[in-house]
**Student:** 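I'd like to ask you about the structure that follows.
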Amino acid sequence: MTAPPHPLVSRAGRLASEVLAPHAERVDQEGVPASSIAAVKRSGLLGVSAPVAYGGSAAPAAVVRETAEILAGACCSTWFVQAQHHTPVLTLALAEAGLPVRERLLGPLARGELLSGVAYAQLRAYPRVPVRVSRERGGWRFDGTVPWYTGWGLNDVMLLAGVTDDGEALFAFTEAREQPGLRPSPPMRLAALTASRTVSLELGGLWLPDDAVALRTPYETWAATDRPKNTNASPAVFGVTAAALDLLDTGPPAKETARVLRARLGDVRRRAYELADHPVPSERIEERLAAKTLAYDVMRSATTAAVVAGGGRAMDLSSPAHRLAREGMFLLVQGQTATVRTAHLGALGAAGSAGVTG
């Protein structure tokens, strides 16, 4: 007998089929609406990894991944906005018990009463310091530029990070709104996921109190934990791939292509998740990167097949095929690090050489 799906997987499926997928093309053109975010908040999925004691579900990693696949396959823009939320939740969950910001925000974030964004990817530019943090008036002053911030106008709070003069990575929460010392750019026009309401943030003396700080740690300590994360394949890649393959059930040639690609998808998905579950995140990095690039290959083939099968109709703005192809392009660079980029380019070059000489 097949075990029934986890309740959160069932909720994700209902959210996808009833709210996200039916409006994905409109959202792609017009932006993620507040109504979609309200539905995500009600679903309980924002607390998928949060401690039960604070109203979350503390679900297994396999459930977390499956819910992400479902949401990304239904509407990648909405998935991406809510995906920002889970790092702040985990940051607070791992923070010291009794920390003021933990006790103030972890419950509302876990229960979906608040949605958080993140502004910390600029830390990966170190030793360049796009956002500098300095001590001021019993709190902390933030200066610099956050190049990417997703969910502006949808998020309630944000987790903001910078580097101190002592070489510490410092993370603190603030309201996700324009305020003294924090000014957003106009929404960016992007080739894909413009709907996610992404802006840059100019920080000119934003002051936050000590009780807003969620984490202070030496930069290298933080980086050692962060570096391995993006060597794993993203569940969103598998979700977009599966959605593209679902468009191929239109006739014998397309169905055969879908059958072959589904088998490849199953193989690489299984391998990637086995590696993601390895108990030491810093080990087997080359294997993780190989699985990640293979996942990209299958996604690219699936989204291309959806466009080919759709023919001229795939160019219509009401067609999901071109949307999925652009979402796939976005996922090629989402969370990209220098290590990931080098491995992916190497794999693409090797594949090109094999095609010429084979």
**Student:** Nearest 0.5 Å please: distance from the CZ atom of R326 over to the OG1 atom of T303.
**Tutor:** 11.5 Å
**Student:** Could you list the donor-acceptor pairs under 3.5 angstrom formed by side chains in residues 103-110, with sequence neighbours left out?
**Tutor:**
from, atom 1, to, atom 2, distance (Å)
E103, OE1, Y54, OH, 3.0
E103, OE2, Y54, OH, 3.0
E103, OE2, G98, N, 3.3
R104, NH2, D211, O, 3.4

**Student:** Do any N or O atoms from the side chain of Y219 and from the backbone of L123 form a donor-acceptor pair under 3.5 angstrom?
**Tutor:** yes
**Student:** As a quick check of understanding, evaluate side-chain contact (heavy atoms from CB on, under 4.5 Å) for R227 and T337, giving each step before the final call.
**Tutor:** CA-CA 8 Å; R227 288 187 190 112; T337 62; over 6 Å; no
**Student:** Not counting sequence neighbours, which residues clear side chain to side chain contact (heavy atoms under 4.5 Å, CB included) with A302? List them please.
**Tutor:** T241, A244, L245, L261
**Student:** Looking at residues at least two apart in the chain, or sitting in another chain, which of them share a side chain to side chain contact (heavy atoms under 4.5 Å, CB included) with T164?
**Tutor:** V133, W140, D166, E168, L170
**Student:** For residues V89 and S116, determine if any side-chain heavy atom of one lies less than 4.5 Å from a side-chain heavy atom of the other.
**Tutor:** no
**Student:** The test is side-chain contact (heavy atoms from CB on, under 4.5 Å); show your working for T257 and V308 and say whether it passes.
**Tutor:** CA-CA 11 Å; T257 299; V308 172; over 6 Å; no
**Student:** Run the side-chain hydrogen bond (donor to acceptor under 3.5 Å, both in side chains) test against R26 and tell me which residues pass, sequence neighbours left out.
**Tutor:** none
**Student:** Taking all heavy atoms of D143 and all of G205, pick out the closest pair and write down the distance.
**Tutor:** OD1-N, 2.8 Å
**Student:** If you look only at pairs with a residue in residues 70-96, which of them pass as a salt bridge (Lys or Arg N to Asp or Glu O under 4.0 Å), with sequence neighbours excluded?
**Tutor:** none
**Student:** Are L332 and L294 connected, step by step, through hydrophobic side chains (Ile, Leu, Val, Met, Phe, Trp, Tyr) whose heavy atoms are closer than 4.5 Å?
**Tutor:** no
**Student:** Output, in order, the C-alpha distance, side-chain angles, deciding distance and verdict of side-chain contact (heavy atoms from CB on, under 4.5 Å) for H23 and T78.
**Tutor:** CA-CA 11 Å; H23 305 294; T78 305; over 6 Å; no
**Student:** Treat each ILVMFWY residue as a node, draw an edge where side-chain heavy atoms are under 4.5 Å apart, and state whether L8 and V40 are in one component.
**Tutor:** yes
**Student:** Can you give me the closest heavy-atom contact between E175 and Q179, atom names plus distance?
**Tutor:** O-NE2, 3.0 Å
**Student:** Can you find a heavy atom in the side chain of R197 that is under 4.5 Å from one in the side chain of V199?
**Tutor:** no
**Student:** Do R323 and P320 have side-chain heavy atoms sitting under 4.5 Å apart?
**Tutor:** yes
**Student:** Given 3.5 Å as the limit, does a donor-acceptor pair link the side chain of K292 with the main chain of N230, or not?
**Tutor:** yes
**Student:** With no hydrogens and no angle check, is any side-chain donor or acceptor of D156 less than 3.5 Å from a backbone partner on L115?
**Tutor:** yes
**Student:** Applying side chain to side chain contact (heavy atoms under 4.5 Å, CB included), can you list everything that pairs with I285, at least two apart in sequence or on another chain?
**Tutor:** P228, T231, R288, L289
**Student:** Nearest heavy-atom pair of D165 and S134: which atoms, and what distance?
**Tutor:** OD2-CB, 4.4 Å
**Student:** Considering non-hydrogen atoms only, spot the tightest contact between L99 and A214 and give its length.
**Tutor:** CD2-O, 3.7 Å
**Student:** Give me the atom names and distance for the closest heavy-atom approach of L324 to G73.
**Tutor:** CD2-O, 4.5 Å
**Student:** Quick test of your reading: applying salt bridge (Lys or Arg N to Asp or Glu O under 4.0 Å), list the pairs with at least one residue in residues 79-93, sequence neighbours left out, ordered by first then second residue.
**Tutor:** none
**Student:** If you count heavy atoms of other groups shown closer than 6.0 angstrom to CZ of R189, is the number above 12?
**Tutor:** no
**Student:** Is the number of heavy atoms from other residues, nucleotides or ligands within 6.0 Å of CZ (R341) greater than 12?
**Tutor:** yes
**Student:** In chain order, what residues pass the side chain to side chain contact (heavy atoms under 4.5 Å, CB included) check against A195, with sequence neighbours excluded?
**Tutor:** V27, V32, S77
**Student:** Just to verify, what does R135 make a side-chain hydrogen bond (donor to acceptor under 3.5 Å, both in side chains) with, not counting sequence neighbours?
**Tutor:** D210
**Student:** Can you check whether A236's main-chain N or O pairs, donor with acceptor, with S234's side chain at less than 3.5 Å?
**Tutor:** yes
**Student:** With clusters defined by side-chain heavy atoms of hydrophobic residues (ILVMFWY) lying less than 4.5 Å apart, directly or transitively, does L46 cluster with M158?
**Tutor:** no
**Student:** Holding to side-chain hydrogen bond (donor to acceptor under 3.5 Å, both in side chains), I want the full list of residues that pass it with S318, two or more places apart in sequence or in another chain.
**Tutor:** D316
**Student:** Listed by chain and number, what are the side-chain hydrogen bond (donor to acceptor under 3.5 Å, both in side chains) partners of S200, not counting sequence neighbours?
**Tutor:** S185
**Student:** Q122 versus P147: any side-chain heavy-atom pair under 4.5 Å?
**Tutor:** yes
**Student:** Which value, rounded to the nearest 0.5 Å, describes the distance between F238 atom CZ and Y273 atom OH?
**Tutor:** 5.0 Å
**Student:** Show every salt bridge (Lys or Arg N to Asp or Glu O under 4.0 Å) that has at least one partner inside residues 5-15, sequence neighbours left out.
**Tutor:** none
**Student:** Are F80 and L71 connected into the same hydrophobic cluster when the rule is that any two of I, L, V, M, F, W, Y join if their side-chain heavy atoms are below 4.5 Å apart?
**Tutor:** yes
**Student:** Please name the pair of heavy atoms, one in R262 and one in D246, separated by the smallest distance, quoted to 0.1 Å.
**Tutor:** NH2-OD1, 3.0 Å
**Student:** Do H344 and Q336 come within less than 4.5 Å of each other through their side chains, counting heavy atoms only?
**Tutor:** no
**Student:** With a 3.5 Å distance limit and no angle check, can you tell me whether S319 reaches the backbone of M315 through a side-chain donor-acceptor pair?
**Tutor:** no
**Student:** Rounded to the nearest 0.5 Å, what separates atom CD in Q84 from atom CH2 in W79?
**Tutor:** 8.0 Å
**Student:** Measure the acute angle between the ring planes of Y149 and W152, then classify it against the limits of 30° and 60° as parallel, tilted or perpendicular.
**Tutor:** perpendicular
**Student:** Atom CD of E274 and atom CZ of R284: how far apart are they, to the nearest 0.5 Å?
**Tutor:** 8.5 Å
**Student:** How far apart are the C-alpha atoms of V9 and V63, what are their side-chain angles, what is the distance that settles it, and do they pass the side-chain contact (heavy atoms from CB on, under 4.5 Å) test?
**Tutor:** CA-CA 7 Å; V9 172; V63 171; 4.1 Å; yes
**Student:** Does atom CZ of R183 have more than 12 heavy-atom neighbours from other groups under 6.0 Å away?
**Tutor:** no
**Student:** As a test of understanding, state which of R271, R264, R270 forms a salt bridge (charged side-chain N to carboxylate O under 4.0 Å, His left out) with D267.
**Tutor:** R270
**Student:** Look at the side-chain heavy atoms of Ile, Leu, Val, Met, Phe, Trp and Tyr, link any pair under 4.5 Å apart, and say whether V81 and V48 land in one connected group.
**Tutor:** yes
**Student:** Looking only at side-chain N and O atoms, does T198 offer a donor or acceptor that is under 3.5 Å from a partner on S196?
**Tutor:** yes
**Student:** Taking the inter-plane angle between the rings of Y120 and F171 on a 0 to 90° scale, is it parallel (under 30°), tilted (30 to 60°) or perpendicular (over 60°)?
**Tutor:** tilted
**Student:** To the closest 0.5 Å, what do you measure between CD (Q334) and CD (E327)?
**Tutor:** 12.0 Å
**Student:** Calculate, to the nearest 0.5 Å, the distance between atoms CG and CD belonging to L275 and E283 respectively.
**Tutor:** 11.5 Å
